[in-house]
Amino acid sequence: MTTVAALQAALGVEHEVIYGYGVVGAHLSGRLRARCLRRLDEHSARRDQLALLVRRAGAIPVAARPAYALPYPVADVTSAARLAARLEDAVAGAAWDLVTASGPATAPRRLGVSTLEAAATAAGGWRVLVPGTTDPALPGQPG
Amino acid sequence: MRPHPASVTRRTLLTGVAAAALAACRPRHRLAAPLPDPDTAALTAAAESERVLISAYDALTVTAAPGADTAATAMALAGHRAHLIALEALLATPTSSPTGPPPLAAPDQLTAAVRASVAKLQKAAMSAADGRSAALLASIAAWHAASTAATRLRIGP
């Protein structure tokens, strides 16, 4: 995978995650809703960083779709937290690919490394609300 | 989440058949080529750190006081063992065991050590010449950061 392809893939995931967090937030209140909104802001910022890096590489950033199908119904706090963890896991996966595809000490590598940390930490925070789930020992690892 | 097929990647959130088919196409980053020497040094250092942490958490398990959070210790041990296995798989050689007894460490000292390792691992990931090394080091750093954040959530305000 080239660096640009990894950036585009990560950008595509961020589009989905931003949409998904909109659904998640609709089922949360109080501190959890505030946490959701913080993550939404952070993902929006990361989307913009990814788009900028794609443009710098001479490509056109992939656009968001008007809507995305949910993997399962989200009806309460538990299912919303489960979706949020799933969203963050997808971000971690894209970040792993970005780190793999990018060169040492480059902006894409830096973004991938920081994204892995943020996504793993956020996913762990959401999983606390979902009984019977555990954090993967290697966030983002393929397979 | 189901985007248009043209935008489908291995990292999309599709479920079911499409996701399974895509997962089958994922590359396996295993020993396709020798690692550059600087990467070997960084991976070896990371493996040695994991061994020290495993020894320390093992010692903590043995000396755990009644009512101690053994589940958290077991989870930490499982995580660090998985890291060591992954590092040794990429290095293709077992690393040496730490010499001498593990340092005595209270749970909060161990948590601090894990937290302190994050920046070092991320620095190594940033400078790794091989993408496989970089991704593994960054992922271990991410788990260390997440696990210490979880600890803070449990014990902190």
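Letters A, B, ... are given to chains in the order of the sequence lines, protein chains preceding strands, and every chain is numbered from 1.
Once rounded to the nearest 0.5 Å, the distance linking CG of B:L136 with CG of B:L87 reads 4.5 Å.
Under the 3.5 Å distance criterion, the side-chain polar atoms of B:D39 are left unmatched by any main-chain donor or acceptor of B:S133.
Chosen from A:V23, A:V99, A:L98, the residue pairing most often with chain B at heavy-atom distances under 4.5 Å is A:V99. Chain B forms the most heavy-atom pairs under 4.5 Å with one residue out of A:T121, A:T134, A:T106, and that residue is A:T121.
For A:P136, the part sitting under 4.5 Å from any heavy atom of chain B is the backbone (N, CA, C, O) and nothing else. Residue contact with chain A, scored on non-hydrogen atoms closer than 4.5 Å, is absent for B:L137. Residue B:A141 does not touch chain A at all, counting heavy-atom pairs closer than 4.5 Å.
With hydrophobic clusters built from ILVMFWY side chains whose heavy atoms lie under 4.5 angstrom apart, A:L37 shares a cluster with A:V24.
Ring geometry for B:W143 versus B:H83: interplanar angle over 60°, hence perpendicular rather than tilted (30 to 60°).
For an aromatic pair to be called close, the ring centres must be under 6.0 Å apart, and B:H144 with B:H80 satisfies this.
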